[in-house]
Amino acid sequence: MPSVLGLLPGCPEGLPGTPVDTPADALALELSLVLGWQDERLCLWHPGGRETPLSVNFSDGKQGYRLTPERVRHERLIKALGKTREGITTVLDATAGLGRDAALIAMAGFPVLLAERSPVLHAMLADGLRRAPPVLADTMRLLPCADAATHSLPPLHAVYLDPMFPSREKSAAVKKDLQWLQQLAAYPDEAEEAGLLDWALGLQPHRVVVKRPGKADPLAKRRPHHLISGKAIRFDVYE
């Protein structure tokens, strides 16, 4: 696959992409994305575009608002995770992405393991956790960059899966995030979806929670035990 990513000086080593000296160089090479440092954050943005650079940040804007204790307990994801049993509390976010849902899970009191196989997203997560408030940094642990299935894992209360899907939201910001992420990590095909769900269930957690578009079929067309629905998305729960 041709490179779509320009790497500015100072980026972590070993990332896939084309080294460039400036965003203008990336634009001249017709690279659609560039990764670099802005305001002491590792950011992803479209060279030549007007969009706000994307970074992992757990304190500002909408994400910070969602992480207040009053909000977290009302989140559908937290309701889908349910109550812990047998003293097992750890949740694995097997498709961590930008860590937004993992942060909600952590604020609800669950220790969270984050797995992310995209080297770029993994580097952005590591940067975000470096700047995260202690209440999150002490509760969220980023596993080494690899497919989630390669890790040795402790007993789990839940496995959380959020396979990327094309956004139907009207928000330009949401579309921007997904469009950029889908250029770095392609949407899984049906066989990959089925394998992901089989693997998660095979870990024998108390439950597997899958984030889905509201009107989409269940992951791998496997019927969940129950679901918790919202306006645009739902959470399918397998026990």
Side-chain angles (χ1 to χ4, degrees), residues 1 16 56 75-106 108 110-126 129 139-167 178 181-229 233-239:
M1 178 184 294
V56 174
E75 291 282 344
R76 293 182 179 87
L77 169 55
I78 304 308
K79 295 178 180 178
L81 290 172
K83 295 182 179 180
T84 59
R85 288 177 277 172
E86 302 168 2
I88 298 173
T89 60
T90 300
V91 174
L92 170 67
D93 184 345
T95 51
L98 296 172
R100 292 169 177 168
D101 288 338
L104 288 176
I105 297 170
F110 298 95
V112 186
L113 301 176
L114 292 83
E116 177 51 57
R117 65 182 182 180
S118 165
V120 174
L121 296 182
H122 190 275
M124 293 174 68
L125 277 170
L129 287 171
T139 312
M140 301 167 68
R141 181 163 71 90
L142 180 61
L143 299 173
C145 183
D147 189 284
T150 65
H151 296 294
S152 297
L153 299 165
L156 298 169
H157 168 66
V159 177
Y160 176 57
L161 302 176
D162 177 14
M164 289 190 301
F165 47 85
S167 174
L178 287 177
L181 297 187
Q182 287 171 347
Q183 291 180 60
L184 299 174
Y187 179 78
D189 60 27
E190 290 185 6
E192 290 174 317
E193 287 186 340
L196 183 63
L197 184 55
D198 285 342
W199 165 79
L201 292 169
L203 293 174
Q204 298 185 326
H206 291 148
R207 57 180 54 185
V208 174
V209 178
V210 183
K211 187 177 184 178
R212 297 296 289 161
K215 297 182 180 180
D217 290 333
L219 195 67
K221 294 183 170 57
R222 183 175 300 190
R223 186 175 181 178
H225 177 269
H226 67 275
L227 54 88
I228 296 179
S229 296
I233 63 170
R234 70 172 194 270
F235 295 97
D236 292 350
V237 180
Y238 299 82
E239 295 186 349

Who are the side-chain contact (heavy atoms from CB on, under 4.5 Å) partners of [X], not counting sequence neighbours?
{"X": "Pro218", "value": "Pro224, Arg234, Asp236, Tyr238"}
{"X": "Asp217", "value": "Lys221"}
{"X": "Thr150", "value": "Ala146, Asp147"}
{"X": "Leu129", "value": "Phe58, Met140, Leu142"}

Spatial distance of atom [atom1] ([X]) from atom [atom2] ([Y]) [nearest 0.5 Å]:
{"X": "Lys79", "Y": "Ile228", "atom1": "NZ", "atom2": "CD1", "value": "7.5 Å"}
{"X": "Leu113", "Y": "Asp93", "atom1": "CG", "atom2": "CG", "value": "9.5 Å"}
{"X": "Leu219", "Y": "Glu190", "atom1": "CG", "atom2": "CD", "value": "10.0 Å"}
{"X": "Leu121", "Y": "Leu181", "atom1": "CG", "atom2": "CG", "value": "5.5 Å"}

Please find the pair of heavy atoms, one from [X] and one from [Y], that lie closest to each other, and give the distance.
{"X": "Ile233", "Y": "Phe235", "answer": "CD1-CZ, 3.9 Å"}
{"X": "Leu156", "Y": "Ile88", "answer": "C-CG2, 3.4 Å"}
{"X": "Ala115", "Y": "His151", "answer": "CB-CD2, 4.3 Å"}
{"X": "Leu161", "Y": "Ala94", "answer": "CD2-CB, 3.7 Å"}
{"X": "Leu81", "Y": "His157", "answer": "O-NE2, 2.8 Å"}
{"X": "Pro155", "Y": "Thr90", "answer": "O-CB, 4.1 Å"}

- Item | Qualifying ring pair (Phe, Tyr, Trp, His ring centres under 6.0 Å) pairs, either residue in residues 78-103, two or more places apart |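 Listed once each, the pairs would be none.
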
- Do Val112 and Tyr160 pass the side chain to side chain contact (heavy atoms under 4.5 Å, CB included) test, and can you show the C-alpha distance, the side-chain angles, and the key distance before you say yes or no? CA-CA 10 Å; Val112 186; Tyr160 176 57; over 6 Å; no

- Task: Just jot down the salt bridge (Lys or Arg N to Asp or Glu O under 4.0 Å) partners of Arg76, sequence neighbours excluded, or say none.
- Result: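 Partners of Arg76 under the salt bridge (Lys or Arg N to Asp or Glu O under 4.0 Å) test: none.
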
- Would you say Thr95's side chain and Asp162's backbone share a donor-acceptor pair under 3.5 angstrom? yes

- Task: Apply side chain to side chain contact (heavy atoms under 4.5 Å, CB included) to the pair Val91 and Val209, showing each step before the final yes or no.
- Result: CA-CA 10 Å; Val91 174; Val209 178; over 6 Å; no

Would you be so kind as to tabulate the donor-acceptor pairs closer than 3.5 Å made by side chains of residues 198-208, with sequence neighbours excluded?
| residue | atom | partner | partner atom | Å |
| --- | --- | --- | --- | --- |
| Asp198 | OD1 | Arg222 | NH1 | 3.4 |
| Asp198 | OD1 | Arg222 | NH2 | 2.5 |
| Arg207 | NE | Glu239 | OE2 | 3.4 |
| Arg207 | NH1 | Ala80 | O | 2.6 |
| Arg207 | NH2 | Glu239 | OE2 | 2.3 |

